[in-house]
Amino acid sequence: MELYIYGTGCGAGELIDSGLDLAQVRAFVESAPQPGARFLGRPVISTEELSGRDYDLLLVTSRDVPAIARRCEAAGIEKDRVLYLKNHFTLTDRNPSYEKAASVLPKAVLKLLQSPPKIIKNAPWEASQLLPADVLENDYVRVKTLEALCLRLSDVPGAAAELGVYQGAFARCINALLPDRRLYLFDSFEGFDCREALREKALRPLGQGFLESHKNTSAESVLRILPHPEQAVLMPGLFPASLNGLEERFALVSLDVDLEESTLAGLRYFYPRLSPGGYLLLHDYHSPKLPGVRAALDRYEAELGRRLPAVPLCDANGSLILPV
């Protein structure tokens with residue numbers, strides 16, 4: 001059975017790490033791939049190149065389902081060969097049956113795809129229209145909680161920051177909700193630093209797909225999606241060296257670096273610099289795939305000699321809010 005996977009981001013990487021046999025994957029597909037591009041050792045081709053090939057299934061892991069559906073239709077790709085995945089690989093209603101998938105995918109992977117997302121879809125206040133629809137769909141609880149927190153920051157001084165930006169989806173939300181705040185964005189903007197990734201991988205099982213997929217970003221692509229890019233200050237490099245002597249107070253900080261040492265460095269720098277009434281959002285705290293995040297907070301609390309006040313979220317990756 002031969003597969004193609006649409007997308008080279010986290011969705012594709014996690015799908016491979018979930019148990020899908022990479023040997024089944026002939027190539028990955030993007031709308032406008034760079035010449036000679038490869039992902040996980042496989043070529044990356046365009047939608048048009050795919051249309052003339054013979055295969056069993058195209059798995060779409062990108063979030064922009066409507067645009068990809070239109071692109072596939074324009075390229076003449078048969079609908080019954082396309083499987084659209086979202087919300088951590090849940091099969092969407094564009095796939096009325098699992099018959100084709102069941103004939104191609106391993107049972108363990110199919111079971112994962114069929115697990116429905118368990119999130120609340122209604123907030124008790126009117127939508128602000130500021131939050132992008134694709135981000136809301138991907139992790140509703142997390143981004144609506146961000147909106148609720150931002151509503152309480154009007155009298156809290158300080159900038160906003162995110163450590164661990166990846167493709168900028170959450171930074172875009174922060175920038176939209178806090179348009180008058182300076183937004184510091186800390187990231188390598190080219191994936192995990194190999195030194196820390198290797199150290200973490202030696203301690204815990206990080207899949208190659210997970211590591212490879214985070215290379216799919218750049219500083220330029222992040223700036224392009226920000227609604228107020230003039231407020232953004234890019235701080236590229238490995239944290240905390242990337243601080244370059246920065247001293248600032250913060251009203252809101254998103255900490256989303258997945259690995260233990262960078263998470264600990266972020267807590268050490270940002271938490272003492274939060275203004276009273278501010279918040280630090282620690283992503284992936286309850287994620288079983290990334291136990292280094294929890295280990296980092298345990299180490300930081302041990303250094304302080306006290307347990308920090310915290311509010312857990314029921315979002316997709318188990319975030320933790322640390323208020324001050």
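All figures in this text were calculated on a predicted structure; none of them were measured in a lab.
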Close side-chain approach of [X] to [Y], heavy-atom, < 4.5 Å:
X      : Y      : result
Leu151 : Leu177 : no
Asp256 : Asn317 : no
Asn216 : Phe39  : no
Asp315 : Thr145 : no
Leu267 : Leu280 : yes
Ser287 : Val293 : no
Leu178 : Cys150 : yes
Val324 : Tyr271 : yes

Roughly how far, to the nearest 0.5 Å, is the [atom2] atom of [Y] from the [atom1] atom of [X]?
X      : Y      : atom1 : atom2 : result
Arg294 : His286 : CZ    : NE2   : 5.0 Å
Leu274 : Phe250 : CG    : CZ    : 8.5 Å
Tyr6   : Leu59  : OH    : CG    : 13.5 Å
Ile5   : Phe28  : CD1   : CZ    : 4.5 Å
Phe189 : Met235 : CZ    : CE    : 10.0 Å
Asp139 : Cys173 : CG    : SG    : 9.5 Å

If you apply the rule side chain to side chain contact (heavy atoms under 4.5 Å, CB included), what do you find for Leu313 with Ile321, and how did you get there? CA-CA 8 Å; Leu313 296 184; Ile321 301 174; 3.7 Å; yes
Under a 4.0 Å threshold between the charged nitrogen and the carboxylate oxygen, would [Y] count as salt-bridged to [X]?
X      : Y      : answer
Glu73  : Arg70  : no
Glu212 : Arg38  : no
Glu303 : Arg268 : yes

Non-hydrogen atoms of [X] and [Y] that approach each other most closely:
X      : Y      : value
Ala310 : Leu322 : CB-CD2, 3.5 Å
Arg42  : Val25  : NE-O, 2.8 Å
Gln167 : Thr217 : CA-OG1, 3.7 Å
Ser31  : Ser46  : O-CB, 4.4 Å
Leu58  : Cys72  : CD2-SG, 4.0 Å
Val156 : Ser275 : CG1-CB, 3.8 Å

Strictly distance-based, threshold 3.5 Å: is any side-chain N or O of [X] a donor or acceptor partner for the main-chain N or O of [Y]?
X      : Y      : value
Asp56  : Glu2   : yes
Glu30  : Val44  : no
Ser262 : Leu259 : no
Glu301 : Arg307 : no
Asn175 : His228 : yes

Treating Ile, Leu, Val, Met, Phe, Trp and Tyr as nodes and any side-chain heavy-atom pair under 4.5 angstrom as an edge, say whether Ile225 and Val143 lie in one connected cluster.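 As far as the 4.5 Å side-chain criterion goes, Val143 and Ile225 are not connected within one cluster.
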Arg142 to Phe170, cation-pi by 6.0 Å centre distance and 45° axis angle: yes
Determine whether Glu162 and Arg172 satisfy the following criterion, salt bridge (charged side-chain N to carboxylate O under 4.0 Å, His left out), listing intermediate values before the conclusion. CA-CA 11 Å; Glu162 182 167 47; Arg172 177 169 50 151; over 6 Å; no
Residue pair Val222, Tyr166: steps toward the side chain to side chain contact (heavy atoms under 4.5 Å, CB included) verdict: CA-CA 8 Å; Val222 169; Tyr166 184 41; over 6 Å; no
Under a 3.5 Å threshold, yes or no: a donor from one side chain and an acceptor from the other, between Thr263 and Tyr300? no
With a 6.0 Å cut-off (strictly less than), is the heavy-atom count around CZ of Arg182, excluding the residue itself, greater than 12? no
Does atom CD of Gln34 have more than 12 heavy-atom neighbours from other groups under 6.0 Å away?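 No, the 6.0 Å shell around CD holds no more than 12 heavy atoms from other groups.
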Does the side chain to side chain contact (heavy atoms under 4.5 Å, CB included) test come out yes or no for Leu297 and Leu282, once each step is laid out? CA-CA 9 Å; Leu297 182 59; Leu282 184 58; 4.1 Å; yes
Can you confirm whether or not the ring centre of Tyr269 sits under 6.0 Å from the ring centre of Phe186?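 When the ring centroids of Tyr269 and Phe186 are compared, they turn out to be at least 6.0 Å apart.
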Test Asp284 against every option in Leu320, Leu290, Val257 by the side-chain contact (heavy atoms from CB on, under 4.5 Å) rule and name the one that passes. Leu290
Begin with the C-alpha distance, continue with both residues' side-chain angles, and end with the deciding distance and a verdict on salt bridge (charged side-chain N to carboxylate O under 4.0 Å, His left out) for Arg299 and Glu260. CA-CA 10 Å; Arg299 288 172 61 186; Glu260 183 175 338; 2.7 Å; yes
Going through the distances and angles, do Leu226 and Leu185 end up as a side chain to side chain contact (heavy atoms under 4.5 Å, CB included)? CA-CA 11 Å; Leu226 297 181; Leu185 298 176; 4.1 Å; yes
Please collect all side-chain hydrogen bond (donor to acceptor under 3.5 Å, both in side chains) contacts where either partner lies in residues 240-252, sequence neighbours excluded, each pair once. Tyr184-Glu248, Glu247-Arg273
